[in-house]
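Chain identifiers are assigned alphabetically (A, B, ...) following the order of the sequence lines, protein sequences preceding nucleic acid strands; residue numbering begins at 1 within each chain. Below, each value reflects all heavy atoms present in this structure, side chains not excepted, and no hydrogens, waters or symmetry copies.
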Protein chains: 2
Amino acid sequence: MTDDTTWTIAQMADDFDVTHRALRHYEQLGLLSPEREGQRRIYSRRERTRLALILRGRRLGFPLEEVATILDMYDDQPGEAGQLRYLLSQIGERRAELQRRLRDVQDGLRELEELEKRCEEDLERLA
Amino acid sequence: MTDDTTWTIAQMADDFDVTHRALRHYEQLGLLSPEREGQRRIYSRRERTRLALILRGRRLGFPLEEVATILDMYDDQPGEAGQLRYLLSQIGERRAELQRRLRDVQDGLRELEELEKRCEEDLERLA
DNA sequence: ATCGTGCTTGACGTGAGCGTCAACGTCAAG
DNA sequence: CTTGACGTTGACGCTCACGTCAAGCACGAT
């Protein structure tokens, strides 16, 4: 029941709407590590999951390096107490940052709605 | 009852935790336009409001150019129907983008919480 | 056998967002 | 009158996240 579907770089680029150059870039930074069939890159389910996380991180404005540390958290499953505690502290930091962003987004949305109202009122007045 | 408090560049930099270089950069891009007292920049309440919006936009990963168009929306109050309609469409786009980011942030938070749980369970198991 | 298609690896270029000098003006304090 | 704190304008440098060649390999189809 293991999903061993694989994809080429072109299919990946197409599915996720990124360039193959970006994919190679993520690989150089260690964010992706597709198998090889000879020279060619072979992407598996795992890489797709990671790529989705990468792109989300990028949309949120996180530097790729930071995204990398988050991705490593998912793999690591270290099993050693010290590392687990360290991981938990890292998670705490990321979460604090995301909560700040959540507030930022909500504030932004509120302001846009106010602005929208003002616009609509002005438009009424002109009619 | 107009608030005519003003600030120097150093106070601005200090209050908002940015460098004076960044402030000049925002000014070059037209995001800020402080008054001058001779050569010196004099920042008023308006600039502080704008700077707060700039920094929030930056935290959300918006390019400064895009932040500029949003800032212009606030000023413009165009009063002309065509421009108002255009402004409304712009607002719509920004809001759609913010809603996407809202989802991204929420998804990210959910995943971090799951990861956190797994960590804590692993930590239990080790105890 | 030569084509096109898809993939590969360098290597250099680019735009955004500042950082970091360098060189100079201005003004109150010592 | 010099010093120091604070400000000014260039101008070049740097990092990040890729874009954009260039040159070449591997393959099936014509």
Side-chain angles (χ1 to χ4, degrees), chain A residues 5-44 47-48 50-72 94 97 101 104, chain B residues 5-44 47-48 50-72 94 97 100-101 104 108:
Chain A
T5 320
T6 60
W7 292 265
T8 72
I9 196 169
Q11 289 168 332
M12 291 293 281
D14 205 52
D15 291 354
F16 287 88
D17 196 33
V18 294
T19 64
H20 98 271
R21 179 64 182 86
L23 291 173
R24 282 185 47 223
H25 185 56
Y26 300 151
E27 186 174 345
Q28 274 191 22
L29 300 185
L31 295 170
L32 295 177
S33 32
E35 305 291 311
R36 296 298 177 114
E37 194 173 275
Q39 289 280 69
R40 275 115 188 273
R41 292 170 173 81
I42 299 296
Y43 295 86
S44 64
E47 311 305 317
R48 289 178 78 87
R50 292 175 71 91
L51 181 52
L53 290 172
I54 293 167
L55 296 180
R56 198 168 67 198
R58 208 198 46 175
R59 280 198 301 272
L60 292 174
F62 285 104
L64 290 179
E65 195 182 305
E66 202 158 328
V67 174
T69 76
I70 298 176
L71 282 177
D72 290 345
R94 302 299 140 214
E97 177 65 26
R101 296 195 185 214
D104 282 339
Chain B
T5 321
T6 60
W7 292 264
T8 72
I9 196 170
Q11 290 169 330
M12 292 292 281
D14 205 51
D15 292 354
F16 288 90
D17 196 34
V18 294
T19 65
H20 97 272
R21 179 65 181 84
L23 291 173
R24 283 186 46 222
H25 186 57
Y26 299 151
E27 186 174 345
Q28 274 191 23
L29 300 185
L31 295 171
L32 295 177
S33 32
E35 304 292 311
R36 296 299 178 114
E37 194 172 276
Q39 288 279 69
R40 277 115 187 271
R41 292 170 173 80
I42 300 297
Y43 295 86
S44 64
E47 311 305 317
R48 289 178 77 89
R50 293 174 72 93
L51 182 52
L53 291 171
I54 292 166
L55 297 180
R56 198 168 67 197
R58 210 198 45 177
R59 280 198 301 274
L60 293 174
F62 285 103
L64 290 179
E65 195 182 303
E66 202 158 328
V67 174
T69 75
I70 298 176
L71 283 178
D72 290 346
R94 300 302 139 209
E97 178 64 27
R100 261 189 56 190
R101 299 203 182 208
D104 282 339

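Close to D:dT8, at under 4.0 Å from its OP1 or OP2, lies a side-chain N or O of B:Arg41. Applying the 4.0 Å criterion to OP1 and OP2 of C:dC7, one finds that A:Thr8 has a side-chain N or O inside that range. Considering only side-chain N and O atoms, A:Arg58 lies nowhere under 4.0 angstrom from the phosphate OP1 or OP2 of D:dC16. Remark: A:Thr19 is in phosphate contact with D:dG19, judged by side-chain N or O atoms under 4.0 Å from OP1 or OP2. Under 4.0 angstrom from either OP1 or OP2 of C:dG17 there lies no side-chain N or O belonging to B:Tyr26.
Inter-residue side-chain proximity for B:Leu23 and B:Leu51 is flagged as met; some heavy-atom pair is nearer than 4.5 Å. Annotation: side chain of A:Arg41 is not in contact with side chain of A:Glu47 (no heavy-atom distance under 4.5 Å). Counting only heavy atoms from C-beta outward, the side chains of B:Arg59 and B:Arg56 approach each other to under 4.5 Å. Counting only heavy atoms from C-beta outward, the side chains of B:Leu32 and B:Ile54 approach each other to under 4.5 Å.
Residue contacts shown for A:Ile9 are limited to sugar-phosphate atoms, with no base heavy atom under 4.0 Å away.
Nearest-nucleotide positions on DNA chain C for A:Arg24 and B:Ala22 put A:Arg24 closer to the 5' end. Of the two residues contacting DNA chain D, namely A:Arg40 and A:His25, the nearest-nucleotide position lying further toward the 5' end is that of A:His25. Mapping A:Gln39 and A:Arg21 onto DNA chain D by nearest heavy atom places A:Arg21 closer to the 5' end of the strand.
Atom CD of A:Gln28 and atom P of D:dT15 are 16 Å apart (whole Å). When rounded to the nearest whole Å, the span between NE2 of B:His20 and P of C:dG17 equals 18 Å. In this structure, the CD atom of A:Gln11 is 14 Å from the C1' atom of C:dT5, given to the nearest Å. If you measure from atom CH2 of B:Trp7 to atom P of D:dG7, you get 15 Å, rounded to the nearest angstrom. Straight-line distance from the CG atom of A:Leu23 to the P atom of D:dA17: 15 Å, rounded to whole Å. The separation between B:Asp14 atom CG and D:dG7 atom P is 11 Å, rounded to whole Å. Straight-line distance from the CG atom of A:Leu29 to the P atom of D:dC18: 9 Å, rounded to whole Å. Rounded to an integer number of Å, the gap from CD1 of B:Ile54 to P of C:dG17 is 11 Å.
Figure legend: A:Arg50 and A:Tyr43 shown without cation-pi pairing, the cationic atom not lying both under 6.0 angstrom from the six-membered ring centre and within 45 degrees of its axis.
For the atom pair A:Thr6 OG1 and A:Glu35 CD, the distance stands at 10.0 Å (nearest 0.5 Å).
A heavy-atom distance below 4.0 Å to DNA chain C is reached by these residues of residues 59-71 of chain B, ordered by number: B:Pro63, B:Leu64.
As the counterpart of D:dG19, C:dC12 is assigned, both hydrogen-bonding distances of the Watson-Crick or G-U wobble pattern falling under 3.5 Å.
Here the closest non-hydrogen pair linking B:Pro34 and B:Ile42 is CB-O, 3.4 Å. Here the closest heavy-atom approach between residue A:Arg58 and residue A:Tyr26 is recorded as NH1-OH, 3.6 Å.
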